[in-house]
Amino acid sequence: MNIQNTIETKVKEGFLALYTVEIPSVEFQATRKEFEGDITVVVFPMLRYKKGNPVQIGEDLGKYLVAHVNEITNYNVVKGFLNLVIEDSVYTNFFNAANANADFGFITPSANEKAVMVEYSSPNTNKPLHLGHVRNNLLGYSVAEIIKASGKNVYKTQIINDRGIHICKSMLAWQKYGNGETPQSTGLKGDKLVGNYYVKFDQEYKKEIAQLIAEGKTEEEAKKEAPLLIAAQQMLLKWEAGDATIVSLWETMNSWVYSGFEVTYKNMGVNFDTLYYESNTYLLGKDVVAQGIEKGVFFKKEDGSVWCDLTEDGLDEKIVLRSDGTAVYMTQDIGTAIQRVKDFPDVGGMVYTVGNEQDYHFQVLFLILKKLGFDWSQQLHHLSYGMVDLPSGKMKSREGTVVDADELMLEMTTTAKTISEELGKLEGYSEEEKNELYETIGLGALKYFILKVDPKKRILFDPKSSVDFQGNTGPFIQYTYARIQSIIKKATFNYSKAVTIDLHEKEKELLKQLELYPDTIQQAAANYSPALIANYTYDLVKEFNSFYQNVSILGEEDQDKKIFRVQLAKKVADTIKSAFSLLGIRVPERM
RNA sequence: GGCCCUGUGGCGCAACUGGAUAGCGCAUCUGACUACGAAUCAGAAGGUUACAGGUUCGAAUCUUGUCAGGGUCACCA
């Protein structure tokens, strides 16, 4: 039983004893640093149950608690805040328990716990990944790891958008202008090569439009009638009909893209447990729609199209099947969700990592699934995140105004290298070790930069003013980790025994921060927010650095204190490593 | 226009979900390496939380309205 629960029970008990009034709950907060004390009971909410002067009530409760709870050694009241001083042993006991637990903060899922499927990335296979995908991937991966740590089984997945008119555009352009180029013949990454043809299509298409307009067509007519577009549409029809040469071309070009993506994912450090391809799922959902009509969830219009009436829920009518009987995006998403639960029967909920421009889509999707009566529909969450904008505005693949994911990661690594070489602390490291380190630091900076921001907020990314390596950054936290490793290497005596000591003020503060870790993971999981983990880690590191500056570890003469401090430093390092693993950030032994 | 998201020192972010005098980092100014690693630490300066009402012991947080920025309202995905 932790101290807060003990106090809660005793406060209720004391309240009853003092005023013969029951209170349902007690509100706590950490005592602010300018006051004496460790835990604060907020008196104000109690006034609802017992009118009176909050300061007086605080005094009464304070006396009662000191008398009835051994661990409370003193108290003071400021306005309506009752500050309680907690005995050191409470904190050293906590530490000894936490220190014995290698998975401190993590909860292992129980066998019958429902799993969560986290979808992220889900790129189109006609162009390379860019900065927007980077935010998506980092968020999705991290949230998956956090949910896992919070005590649930997780499947990471993505739905690969491998078919459709945009894919045909790249294919067509390659056919017409490619001269048989391959990744091997050009030395280009496959996704880059295919992306070039997507751009090429757009350029040629625009020329055709201009030509048609010069011949007297309106812009709208020209856009619809351009031969290239018509050819692409025909190609899509052939693909759907299973035309052998088209399908073969499609397979070839997609395989180029996949091998390119694989490299990018590997560098980014993300992974997936299972994959879904749109070419396999785009026909799903049609039979569900038929069943939905019978259930009265959907209705058919005169032209044969099928709709869902959501006006009673404050939304519009939404189409779920075209008049020609073909599926739309929504149909497919309904079918895919159902398919996933069939494939993985232990899945009890899903998280969709998709940009906020699709907020409405997911609102509708979840509502339809609810109307169809799936119990897991209550456990669906759209992890919606803000766009990443450049100073020049939105990124547009076709116009080449994107920040490429591979290039960005490379730049970050190069910057890390430059800084490291200036500082020159890596004597004895091999080239290979150095390069790995630069990557750890560079990507750490990038990932932390993106993940520390609340997902809902948009990010303005200026490639010119590079990502920081000082202050509230990934490298700052990595540096603290490396520094602790250096201490541990020098601590050549046996420091394994559990000790109980009188705590230095800085030690106590650090222990309080450490104690917050398990709850922070739960909060981050409940809120789908890696930012909470990032901010927690930063606070922990700041607290440690302050401790480090004020208290000598290896120079301490009292043997038990010295042991405790080494253990404490090591536990902080382990927690940094653990928290950063939830963000997908590695941690260096030296830097 | 309807609906949704965002607005916090010059810039980038926090605020334990309604609690104390709104914290932190960049940038600016002062100090600290013959010290366990200065990618660090200690300090100064910088705010009417976009604006105006409301709810209550108490509001950056909830509510109404206004303003600004973004998104979305396809038989596209």
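Within every chain, numbering begins at 1; the chains are lettered A, B, ... in the order of the sequence lines, protein sequences first and strands thereafter. In this text the structure is predicted, and so the values were computed from the model without any measurement.
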Worked verdict on L516(A) versus Q513(A) for side-chain contact (heavy atoms from CB on, under 4.5 Å): CA-CA 5 Å; L516(A) 294 176; Q513(A) 184 64 26; 3.9 Å; yes

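- No contact: F449(A) has no heavy atom under 4.0 Å from any strand.
- Note on Y538(A): only backbone sugar-phosphate atoms sit closer than 4.0 angstrom, heavy atoms only; bases stay farther off.
- Using a 4.5 Å heavy-atom cutoff, the side chains of F547(A) and R565(A) are in contact.
- Taking the C1' atoms as reference points, A50(B) lies 7 Å from C67(B), given to the whole Å.
- Nucleotide C33(B) is shown with a syn base, its glycosidic torsion being within 90° of 0.
- Ranked by how close their nearest RNA chain B nucleotide is to the 5' end, F476(A) and D454(A) are led by D454(A).
- Cation-pi geometry between R135(A) and Y385(A) is not satisfied (NZ or CZ under 6.0 Å from the ring centre, within 45° of the ring normal).
- V320(A) comes within 4.0 angstrom of no nucleic acid atom, judged by non-hydrogen atoms across all strands.
- At the heavy-atom level, M591(A) lies under 4.0 Å from base atoms of the strands shown.
- Contact detail for K506(A) and N550(A): the closest heavy-atom pair is CE-ND2, 3.5 Å.
- The 5' end of RNA chain B is approached more closely, in terms of each residue's nearest nucleotide, by L532(A) than by the other of L437(A) and L532(A).
- Note on Y479(A): a base of the nucleic acid sits closer than 4.0 angstrom, heavy atoms only.
- Between the C1' atoms of A59(B) and U8(B), the separation comes to 14 Å (whole Å).
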